[in-house]
Number of protein chains: 2
Amino acid sequence: MSELLVKQDAPMDAYRQLFDGILSQRLAPGTKLNEVELTLLFGVSRTLIRQALQRLQLEQVVEIHKNRGAFVAAPSPDLAQQILLARHTIELAVVNLACERCTAGDVEKLQHMINLEQSAIDQGDMATALRRSGEFHLQLAIVARNQPFVHALRGLISQTSLIITMYSHGGGNACARDEHSLLLAAVSAGDQHRAQQQMAHHLGHIAAGCDFTQSPQVANLKGAFAHLS
Amino acid sequence: MSELLVKQDAPMDAYRQLFDGILSQRLAPGTKLNEVELTLLFGVSRTLIRQALQRLQLEQVVEIHKNRGAFVAAPSPDLAQQILLARHTIELAVVNLACERCTAGDVEKLQHMINLEQSAIDQGDMATALRRSGEFHLQLAIVARNQPFVHALRGLISQTSLIITMYSHGGGNACARDEHSLLLAAVSAGDQHRAQQQMAHHLGHIAAGCDFTQSPQVANLKGAFAHLS
DNA sequence: GTACATAATATTGTATACAATATAATTGAA
DNA sequence: TTCAATTATATTGTATACAATATTATGTAC
């Protein structure tokens with residue numbers, strides 16, 4: 001009976017593996033995503049690989065250059081700031097709605113996600129923590145019951161992960177748990193003003209932890225040097 | 001020499017034809033989009049048709065049901081209101097940025113688009129007018145110089161067209177030209193407060209022109225009845 | 001005639017084959 | 001050696017072939 005639950009959705013799997021790889025920082029910004037390599041890695045044909053890549057492109061996590069191939073996105077400093085601004089706008093609206101519509105069940109789920117994020121931090125797994133942090137924010141949009149916001153935020157949160165990878169200098173986001181907890185407290189209390197303040201403060205921290213003045217460190221040379229060993 | 005300019009980007013063409021068809025209301029919400037039919041219409045293989053359909057799906061203009069096929073999206077009343085709310089939030093932010101960044105060239109381009117929209121109205125071609133109206137709003141986001149907003153609005157504007165097709169009862173959007181002109185005046189003057197007020201008023205008109213209480217009129221039965229004649 | 005079961009067809013899902021383009025390697029000349 | 005031109009290779013773009021699923025049609029029992 002359990003075998004029935006292992007329904008393998010091949011196209012979704014390829015997409016999700018790539019997505020997780022990027023958000024877990026195993027695939028650095030700028031990395032070339034060779035189609036046949038991915039074929040061998042995931043055991044599906046190029047058709048599905050290309051489907052996954054196109055989807056990731058439309059989420060702005062991957063860039064596809066005609067006849068050149070797909071690359072993990074590497075947002076410029078200018079674009080990065082556009083992304084953070086857009087996120088700011090949408091998340092303020094989201095948290096506002098969430099205050100109105102958050103149920104007891106929602107609070108429980110959000111609290112659970114905070115705990116998961118914290119346990120990743122405790123284990124020193126910052127990549128997982130970053131991914132979980134993003135999932136918390138996305139869950140807020142789900143609680144807000146606005147599908148377009150969920151859709152837009154999915155891309156923006158993913159891109160934020162790339163931005164942090166590229167521009168953040170260290171421990172600026174260690175305080176995330178407290179901030180998420182404070183945010184959840186305000187939301188579950190239905191206090192829109194305080195929730196928006198918390199969200200603005202939280203997103204401000206992310207931006208403050210980044211340095212956009214120096215050119216980004218695109219670490220895609222790693223693979224190019226690997227064959228010399 | 002002119003032949004060189006006719007560089008046919010096949011995948012984009014298929015996408016654009018479908019997109020225009022939907023936004024010009026030639027393809028009603030709920031219409032089944034048969035892949036081989038589209039193959040014959042556009043003269044490209046199913047590969048490119050499926051690419052275009054996937055892209056339209058990610059813009060939420062098309063729904064794809066596994067093993068069932070693709071359909072022109074038909075947002076429910078609930079989803080429709082989520083879409084209009086999201087659009088409201090983003091367009092207010094956009095118009096705010098546009099006030100700060102609008103150049104003389106931008107004003108000229110926006111004015112030109114208003115004129116195009118008006119000429120379509122004058123000719124009684126409301127489908128084209130609706131499409132041009134959407135292009136004006138999208139151009140505002142371009143003027144705002146925020147790529148994520150452009151990206152999100154592209155989908156939201158397209159979906160709004162579907163919503164108007166499904167739920168709007170007639171001449172509610174005839175006043176569009178005046179409103180766009182007033183909006184442009186405020187933006188080019190850099191008057192953020194007035195521009196936001198105009199935008200809110202304008203989007204309010206769209207929502208006011210719709211009736212979400214009665215169930216939507218999905219006109220995809222037309223084809224089903226055609227063979228009886 | 002209706003309802004169900006079964007077979008035929010149509011449609012979508014995935015993999016592969018071929019074409020077009022870009023990248024890398026090789027050769028030759030200055 | 002260095003640069004350019006050319007060939008060879010690798011990679012992406014598109015079309016087609018086959019597999020899996022859904023839809024429709026047919027037939028039979030009641």
task = Would you please indicate yes or no on a ring centroid separation below 6.0 angstrom for A/His151 and B/His151?
result =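 Not under 6.0 Å, so no.
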ask   = Mind checking whether B/His137 and B/His202 have ring centres under 6.0 Å apart?
value =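 Ring-ring flag for B/His137/B/His202: true, centres closer than 6.0 Å.
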inquiry  = Could you check whether any side-chain heavy atom of A/Leu33 comes within less than 4.5 Å of a side-chain heavy atom of A/Phe71, counting everything from C-beta outward?
reply    =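 No, too far: nothing below the 4.5 Å cut-off.
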query = Where does the chain B footprint on DNA chain D start and end, counting 5' to 3' with a 4.0 Å heavy-atom cut-off?
reply =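 That gives a stretch of D/dT14 to D/dT23.
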task = Salt-bridge test for A/Asp125 and A/Arg132: reply yes if a basic N is under 4.0 Å from a carboxylate O, no otherwise.
result =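 A salt bridge is absent here (no side-chain N lies under 4.0 Å from a carboxylate O).
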inquiry  = For a quick check of understanding: with a heavy-atom distance under 4.0 Å over all strands, which category does B/Arg50 fall into, base, sugar-phosphate or nothing?
reply    =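 The residue B/Arg50 makes base contact.
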ask   = Counting any heavy atom closer than 4.0 Å, what does A/Arg46 reach on the DNA or RNA strands: base, sugar-phosphate only, or nothing?
value =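 Base, at least one base atom sits under 4.0 Å.
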Atom pair CG/CD1 of B/Leu18 and B/Ile22 - distance to nearest 0.5 Å =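 It comes to 6.0 Å.
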request  = With DNA chain C as reference, determine whether A/Val44 or A/Lys66 sits nearer its 5' end, using the nearest nucleotide of each.
outcome  =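 Residue closer to the 5' terminus by nearest nucleotide: A/Val44.
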